[in-house]
2 protein chains.
Amino acid sequence: MATIYEVSKLAGVSLATVSRVINKTAPVREATREKVEAAMKELGYRPNSVAQSLASNRSNSIGILVPELGGPFYAELLSRIENEFRRVGKHVIIAAGHSDEELERESIEFLRSRNCDALILHVEAVSDDYLRGLADAGCAFVLMNRLVEQLADRCINLDNLLGGYLATKHLLELGHRAIAYVSGPMWKRDAQERYQGHQRALQEFGVPFDSNLVFEGDYQETGGVKALQYFRSLDKPFTALVCANDEMASGAITTAHDLGMDLPSQLSVVGFDNVNFAHYTYPKLTTIDYPLGEIGHMAAQWVLKNVYQQPIKDIRAVFAPQLVIRDSTYRIN
Amino acid sequence: MATIYEVSKLAGVSLATVSRVINKTAPVREATREKVEAAMKELGYRPNSVAQSLASNRSNSIGILVPELGGPFYAELLSRIENEFRRVGKHVIIAAGHSDEELERESIEFLRSRNCDALILHVEAVSDDYLRGLADAGCAFVLMNRLVEQLADRCINLDNLLGGYLATKHLLELGHRAIAYVSGPMWKRDAQERYQGHQRALQEFGVPFDSNLVFEGDYQETGGVKALQYFRSLDKPFTALVCANDEMASGAITTAHDLGMDLPSQLSVVGFDNVNFAHYTYPKLTTIDYPLGEIGHMAAQWVLKNVYQQPIKDIRAVFAPQLVIRDSTYRIN
DNA sequence: TTGTACGCGTTATCAA
DNA sequence: TTGATAACGCGTACAA
């Protein structure tokens with residue numbers, strides 16, 4: 001691979017001049033520029049990004065940490081972010097934290113050791129204190145799906161409460177009154193918020209809250225299975241089910257079929273997230289759309305603005321989810 | 001951030017010695033090592049990976065190119081590869097080629113300009129010639145899901161023909177004789193091979209081949225929709241449908257429901273790939289498992305062996321798919 | 001077992 | 001508008 005030095009020799013100019021035409025960091029006479037460009041072309045020169053990084057103290061890489069690489073949930077997010085950065089010649093380094101504190105820490109350290117210019121974090125196990133420490137250490141990062149006080153200017157969030165509210169409200173408007181709820185793990189903030197939204201909707205419609213009709217799931221498919229079994233074991237009648245995510249909704253739907261229930265006439269189900277398989281279920285799942293793509297886009301914008309000093313207008317900190325009506329909900333009277 | 005130089009000063013040894021304890025590249029007296037390690041700890045030293053790369057001419061990064069980041073198909077693959085490499089302190093840079101020749105080329109160039117030590121490629125648009133040229137240029141890469149002569153030692157493949165064969169054979173064994181087939185785009189090698197497998201199974205069971213019962217789809221959900229509509233428009237009766245991937249199978253199943261058919265009693269469906277939503281369909285999809293995880297693992301092994309000289313036993317070049325029986329197929333007599 | 005000195009390919013700071 | 005030349009932080013022959 002040709003180096004900048006060989007280019008300079010072939011073009012008959014100095015090393016510095018070649019660097020200038022590459023980076024447009026200072027004016028270069030038109031004739032010289034052409035000579036240099038010709039030389040670069042002839043040698044098939046491509047700048048060595050590692051050397052550039054060392055000299056400029058910028059790696060042009062952005063670290064991304066998400067809970068899972070495997071699931072359907074983060075694919076769109078990653079895709080969007082990757083695109084955004086590639087267009088400007090930067091690349092992303094992706095790691096998975098698996099919702100484990102140790103692993104999340106390790107991953108962050110790994111990314112930092114890679115000299116990432118910035119980190120985009122979707123962490124859930126690591127403490128607020130740790131994150132504050134990270135910020136104090138001068139690490140540039142944005143937080144997705146999390147709100148840490150004092151770090152609010154680097155948080156990009158979904159209004160989970162609104163989402164939970166919309167889900168339950170939809171059912172209420174369809175005439176349902178006995179609405180069961182399958183939450184996520186209550187130690188997760190988003191699970192709590194979605195649940196609060198559910199309660200608020202009930203309250204607004206004057207429907208008394210019944211704690212029997214709540215089941216704490218695990219955000220996995222089996223959570224939905226267990227929840228439905230549990231609810232059926234009660235002798236409380238219920239006509240609708242809100243699940244705090246689509247995986248659980250899917251588990252509930254499958255179980256309902258297995259129990260011989262007809263959907264949606266005997267049971268309406270609403271999910272949350274609108275993951276890519278939501279319309280593969282039968283009936284197709286009505287759910288709350290989580291605009292992950294937009295959130296990823298915004299995270300990228302944050303980095304572009306705050307780390308690479310690009311002129312970005314405004315950063316939006318909180319996104320509103322929307323109800324997506326498909327076939328799994330049914331009007332009753 | 002502390003440098004190796006500061007560590008050496010604090011420990012009262014030379015720069016080279018510090019480097020030795022970091023890389024274990026030469027014996028160091030126990031006492032010295034301890035001094036150095038203490039100094040590193042005190043300064044919170046972490047090696048600068050960029051400088052390491054420049055000096056060693058190794059970036060410790062591996063580029064991965066897949067058609068899509070967004071879909072469910074590659075998530076497991078990426079996840080597996082990322083894991084594999086992180087364990088040994090290397091990281092992956094991921095790009096998407098979108099099955100477009102121009103984009104695939106660009107992506108490869110991008111990855112190369114990033115000084116990746118090796119590339120793991122899942123490309124479909126770029127020509128064999130281009131790939132051979134890449135190899136001649138000294139670029140280290142493995143090819144997944146593709147077979148290029150002269151490059152056979154760097155190809156890791158699925159036996160697609162066997163997969164197609166297994167799918168159709170399963171239906172034949174259940175007593176089906178009128179079996180429709182929805183292929184992928186025929187310019188794709190895997191689509192052709194799967195189709196050949198289908199034909200072979202028919203032949204083996206002495207079932208005459210009927211070209212009317214074949215539809216060329218696009219590997220998308222709509223392909224399955226159109227296929228089923230087309231087959232129904234014929235007045236050929238058929239009791240089973242093989243789809244060359246799960247997306248199309250899903251489309252077909254949905255359409256079947258919409259047409260009021262009862263599944264699987266009126267129509268058996270087999271998919272291919274076993275993507276993560278395959279068991280979210282109703283009925284749960286019987287399909288052919290594509291061991292993407294294993295293939296990713298093997299690609300990583302290839303890199304470890306051929307680029308990082310790690311002692312890896314044997315590299316397997318072709319993987320056998322397996323039938324996964326769920327609820328979408330039905331025995332008839 | 002340890003130290004010296006040079007090289008890796010750029011960027012950036014001076015002068016000219 | 002251009003050219004020397006010093007960083008950047010580390011690996012590694014070669015010497016000791």
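The chains referred to below are lettered A, B, ... by the order of the sequence lines, with proteins before strands, and numbering in each begins at 1. Since the structure is predicted, the reported quantities are computational estimates derived from the model, not experimental observations.
To the nearest angstrom, P of D/dT12 lies 7 Å from CG of B/Asn23. Rounded to whole Å, atom P of D/dA4 lies 14 Å from atom CD1 of A/Ile4. The distance between atom CG of A/Leu15 and atom P of C/dC14, rounded to the nearest whole Å, is 19 Å. D/dC8 atom P lies 15 Å from atom CG of A/Asn115, rounded to whole Å. When the C1' atom of D/dA7 is taken as reference, atom CG of B/Asn48 falls 14 Å away, rounded to whole Å. Atom CZ in A/Arg58 sits roughly 14 Å away from atom P in D/dG9 (whole-Å rounding). As a whole-Å value, the separation of A/Tyr5 OH from C/dG7 C1' is 14 Å. Distance CZ (A/Arg29) to P (D/dT1): 8 Å, rounded to an integer number of Å.
Remark: B/Arg132 is not positioned above the aromatic ring of B/Tyr130, lacking an NZ or CZ atom under 6.0 angstrom from the ring centre and at most 45 degrees off the axis. A cation-pi arrangement, defined by a distance under 6.0 Å to the six-membered ring centre and an angle within 45 degrees of its axis, is present between B/Lys90 and B/Tyr308.
Within 4.0 Å (heavy atoms only), A/Arg46 reaches sugar-phosphate atoms of the nucleic acid but no base atom.
Between D/dT12, D/dC10, C/dG9, one nucleotide has an atom nearer to the side chain of B/Leu54 than all others, and that is C/dG9. Distances from the side chain of B/Ala55 to the nucleotides D/dT12, C/dT11, C/dC8 place C/dC8 closest. Proximity note for B/Ala51 (side chain, C-beta onward) versus D/dG9, D/dT12, C/dC14: the nearest is D/dG9. In this structure, the nucleotide among C/dT10, D/dA4, C/dG3 sitting nearest to the side chain of A/Pro47 is C/dT10.
Residues B/Arg86 and A/Ser107 bring a donor and an acceptor atom of their side chains to less than 3.5 Å of each other.
Looking at A/Asn48, its side chain does come within 3.5 Å of a backbone N or O of A/Val50 through a donor-acceptor pair.
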